[in-house]
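Worksheet: the structure to be examined is printed underneath.
Keep in mind that the numbers below use all heavy atoms, side chains included, and drop hydrogens, waters and symmetry copies.
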Amino acid sequence: EVQLQASGGGLVQPGGSLRLSCAASGFTFDDYAIGWFRQAPGKEREGVSCIDNSGRVTYYADSVKGRFTISRDNAKNTVYLQMNSLNSEDTAIYFCAAALGARVIVTPSRCYGMDYWGKGTLVTVSS
């Protein structure tokens, strides 16, 4: 069974940092692309960042470029999202998702086709 568990959320002041983790199990991690998505109250879900199965291609939403960094540690079956310079617009529930590399599109400008979704972790940026 494919399982994805996001963690690391919490309350942080504007300008602060958090690192989210997505722990995966139930599939061959090295074969899957992983993405981070978020949904704020009253808004549609949006893609934040994705990394392909090779780890060589990444996607970032324009709103987070230069502030967020995605990485993967295949030995730990974990993907991370380092979030710096957080602001109130980053407040949302953050989800991680996965798909086989052959079934997902990950380019610098697109992240589309995730099949498996985990439960989210809440990030609240407030003073």
Side-chain angles (χ1 to χ4, degrees):
E1 179 182 353
V2 172
Q3 293 193 69
L4 299 162
Q5 183 169 311
S7 62
L11 176 64
V12 63
Q13 294 189 353
S17 298
L18 286 173
R19 188 176 75 158
L20 305 184
S21 298
C22 177
S25 62
F27 58 94
T28 304
F29 186 74
D30 296 9
D31 293 337
Y32 280 71
I34 306 293
W36 287 97
F37 298 77
R38 67 186 182 187
Q39 188 165 24
K43 296 184 178 180
E44 295 184 346
R45 185 181 64 200
E46 64 173 337
V48 177
S49 183
C50 299
I51 186 165
D52 78 344
N53 58 294
S54 74
R56 299 189 217 104
V57 182
T58 58
Y59 161 84
Y60 294 97
D62 288 342
S63 61
V64 307
K65 286 180 179 176
R67 299 189 297 122
F68 291 11
T69 303
I70 191 169
S71 62
R72 64 189 298 158
D73 186 341
N74 289 344
K76 296 182 178 180
N77 285 4
T78 301
V79 168
Y80 303 98
L81 185 68
Q82 179 66 47
M83 307 186 296
N84 298 328
S85 301
L86 288 163
N87 59 63
S88 61
E89 295 184 352
D90 296 315
T91 295
I93 299 174
Y94 286 71
F95 304 87
C96 61
L100 276 168
R103 294 176 58 86
V104 67
I105 297 172
V106 178
T107 74
S109 60
R110 291 185 66 191
C111 180
Y112 179 81
M114 296 294 174
D115 293 323
Y116 304 101
W117 296 82
K119 295 181 179 180
T121 185
L122 177 63
V123 173
T124 303
V125 184
S126 177
S127 60

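Phe29 carries Arg72 over the face of its six-membered ring, with the cationic atom under 6.0 Å from the centre and within 45° of the normal.
Listed for the Tyr59 side chain is no donor-acceptor partner under 3.5 Å among the backbone atoms of Asp52. Between the side chain of Thr91 and the backbone N or O of Val125 there is at least one donor-acceptor pair closer than 3.5 Å.
Ser49 approaches Leu81 most closely through the heavy-atom pair CB-CD1, 4.0 Å. When all heavy atoms of Gly9 and Leu20 are compared, the closest pair comes out as N-CD2, 3.6 Å. Here the closest heavy-atom approach between residue Leu4 and residue Ala98 is recorded as CD1-N, 3.7 Å.
Atom CD of Gln5 sits in a sparse spot, with 12 or fewer heavy atoms from other residues, nucleotides or ligands closer than 6.0 Å. Other residues, nucleotides and ligands contribute more than 12 heavy atoms inside 6.0 Å of the CZ atom of Phe27.
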For Phe37 and Ile93: C-alpha separation, side-chain torsions, deciding distance, then whether side chain to side chain contact (heavy atoms under 4.5 Å, CB included) applies.
CA-CA 8 Å; Phe37 298 77; Ile93 299 174; over 6 Å; no

Determine, step by step, whether Asp90 and Arg38 satisfy the side chain to side chain contact (heavy atoms under 4.5 Å, CB included) criterion, reporting the C-alpha distance in whole Å, the side-chain angles of both residues, the deciding distance to 0.1 Å, and the verdict.
CA-CA 9 Å; Asp90 296 315; Arg38 67 186 182 187; 2.9 Å; yes

Residues Phe95, Met114; criterion side chain to side chain contact (heavy atoms under 4.5 Å, CB included); working and verdict
CA-CA 11 Å; Phe95 304 87; Met114 296 294 174; over 6 Å; no

Can Ile51 and Val106 be said to form a side chain to side chain contact (heavy atoms under 4.5 Å, CB included), step by step?
CA-CA 7 Å; Ile51 186 165; Val106 178; over 6 Å; no

